[in-house]
Protein chains: 2
Amino acid sequence: MADTVLQVDHRPLYVRVREILVQRVSSGYWKPGQSLPNEFELADELGVSQGTVRKALDMLASEHLVVRRQGRGTFVAEHTSADIHFRFFHLHDADGCPAIPDSIGIKVEVDVARPAERKALRSDQGSSVIRIRRVRTVEGEPVIVERIVLPGDLFAGIEAIDPIPNTLYDLFQRRFGVTISGADEELTAIAASAQEAKLLKVAPGAPLLEINRTAMGVDGRRIEWRISRCLTTRLHYFSQLR
Amino acid sequence: MADTVLQVDHRPLYVRVREILVQRVSSGYWKPGQSLPNEFELADELGVSQGTVRKALDMLASEHLVVRRQGRGTFVAEHTSADIHFRFFHLHDADGCPAIPDSIGIKVEVDVARPAERKALRSDQGSSVIRIRRVRTVEGEPVIVERIVLPGDLFAGIEAIDPIPNTLYDLFQRRFGVTISGADEELTAIAASAQEAKLLKVAPGAPLLEINRTAMGVDGRRIEWRISRCLTTRLHYFSQLR
DNA sequence: CAGTGGTCTAGACCACCGT
DNA sequence: CGGTGGTCTAGACCACTGT
């Protein structure tokens, strides 16, 4: 009896448990670095078995939302500069060693979103954006010119931060409570414009690798639109297909 | 008593089970498309529980070595043209739709491996290689010039196949028993040479995207070295970061 | 319908960690 | 040492498939 539900949820239990846990992480109920209750406590609280909680936690771990440490516990993932480079920065040198670029000539501005920016960030007409422009160097040599666009509502006040750090995603998480969970990149070979050529100390028309990235948050919201134009004479973009 | 083992295997049971199953697949004991014994039969045979076999099979499925179909069974993965495009061909058009290129102007030659080829394929001095050159077109327009190098010992007789099909990896599996399990790609922006420019109908020096790919087999062996130089005015390389 | 993989549970034991 | 995640087992039941 009591068949009052109109729509039963036929998805597996562990998927529903996962969603509850995702919600608690992305809402900030559990904060980055904080430890979660252990598997048995969560199982009791949610009225499922420990094995089901484990399966949900394993999914979160594979999505980099939590980190599990044997003997210590399960923790909300905390972005570090090293993590971010490994996951989101795929330019390596000829030996396959990840390059660690610095940033120079940073310019930050706040403005009303242009149509292309609204499209990339899926934001409404009249929304504000923050634009960051910078040149990135490896061993002192300029190799990337970069333009980054952020939704103004999520990052209010970022323009006052000085200096803007090299890796942004850990800043996003620590200072603005925004965790990047993934990104789509579109790569194109283009010819350097006169201005880019000057900044990168190459001839105009020199081939550059353009990386057009859209980064998403845990909830799928568009968080960042970034176009990087890279000199790939000594750097290469690395992609693993599995 | 009977402590005769010098080196105990401390790795988890399911990892060892996985290795046994990998061996049976890559040795051809189970062939592509063939169904495996069910979980309980494997568990009995290997002297472990069904849950342990399941965990090993789930790993194989996530590595695309087997396909599991509820209600039907577990099958050795069979490469199809569509699979391959999805997994290994990351050039899409502006709308994000995968491009489906044709091949023209195919040339095949057999030769002794050059130093660079030996290095890429990790093969010994004096080994033979098969070289395939071709131009690939989308909607009739040439967009890629491609050079493919294969180890001669694995693909003896491939030069006699005419025509060489568009997607090679399904041919490798069906005709030569070689399954590609992954690849590393290194991307660089380069300037078109005079010859490439002519083939792609662009001006010499036009920016091209070079994709330098090394593909590996199930056992980790280098199977293919491929350099594709792509005109990315209408095509883009797509990469998902998670 | 019988047979398969998919889910869920309960409980035992191990390996690792910090105190 | 106590507490945590990691492994392994055994068994029940569900959902899907083809006949």
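Model, not experiment: these values are computed from the prediction. Below, read A as the first sequence line, B as the second, and so on, with proteins coming before strands; counting in each chain starts at 1.
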Quickly work out the [X] [atom1] to [N] [atom2] distance and round it to whole Å.
X      : N       : atom1 : atom2 : answer
D58(B) : dT7(D)  : CG    : C1'   : 15 Å
H10(B) : dC8(D)  : NE2   : C1'   : 17 Å
M59(B) : dC8(D)  : CE    : P     : 11 Å
E39(A) : dC8(C)  : CD    : C1'   : 15 Å
R11(A) : dC16(D) : CZ    : C1'   : 19 Å
N38(B) : dG6(C)  : CG    : C1'   : 14 Å
Q70(B) : dC14(D) : CD    : C1'   : 8 Å

Between E185(B) and Y237(A), is a side-chain hydrogen bond (donor to acceptor under 3.5 Å, both in side chains) present by the stated rule, with each step listed?
CA-CA 8 Å; E185(B) 294 192 329; Y237(A) 185 96; over 6 Å; no

Report yes if the distance between the aromatic ring centroids of Y169(B) and H79(B) is under 6.0 Å, otherwise no.
no

With respect to the phosphate group of [N], does any side-chain polar atom (N or O) of [X] fall under 4.0 Å of OP1 or OP2?
X      : N       : result
T74(B) : dT4(C)  : no
R72(A) : dG18(C) : yes
K55(A) : dT7(C)  : yes

Give one of base, sugar-phosphate or nothing for R69(A), where a contact means two heavy atoms less than 4.0 Å apart.
sugar-phosphate

Considering heavy-atom distances to DNA chain C, does L36(B) or L13(A) have its closest nucleotide positioned more toward the 5' end?
L36(B)

I'd like to know if R68(A) reaches the base of dG6(D) with its side chain, counting only an N/O donor and acceptor under 3.5 Å.
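In this structure, the two groups form no donor-acceptor pair.
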
Polar side-chain contact R54(B)-dG6(C) base: donor and acceptor under 3.5 Å:
yes

Heavy-atom nearest nucleotide on DNA chain D taken for G47(B) and for F40(B); more 5' hit belongs to G47(B)

Earlier contact from the 5' end, DNA chain D, for R16(B) and Q50(B)
R16(B)

Picking from dT4(C), dT7(D), dG5(D), which would you name as closest to the side chain of Y14(B)?
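So the nucleotide nearest the side chain must be dT7(D).
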
Point-to-point distance, once rounded to the nearest 0.5 Å, from CZ of F88(A) to CG of L168(A)
12.5 Å

Determine, for F75(B) and R68(B), whether the Lys NZ or Arg CZ falls below 6.0 Å from the six-membered ring centre while staying within 45 degrees of the axis.
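Checked: cation-pi criterion not met.
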
Relative to the ring of F238(B), is the ring of H92(B) parallel (under 30°), tilted (30 to 60°) or perpendicular (over 60°)?
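Ring orientation, 0 to 90° scale: parallel.
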
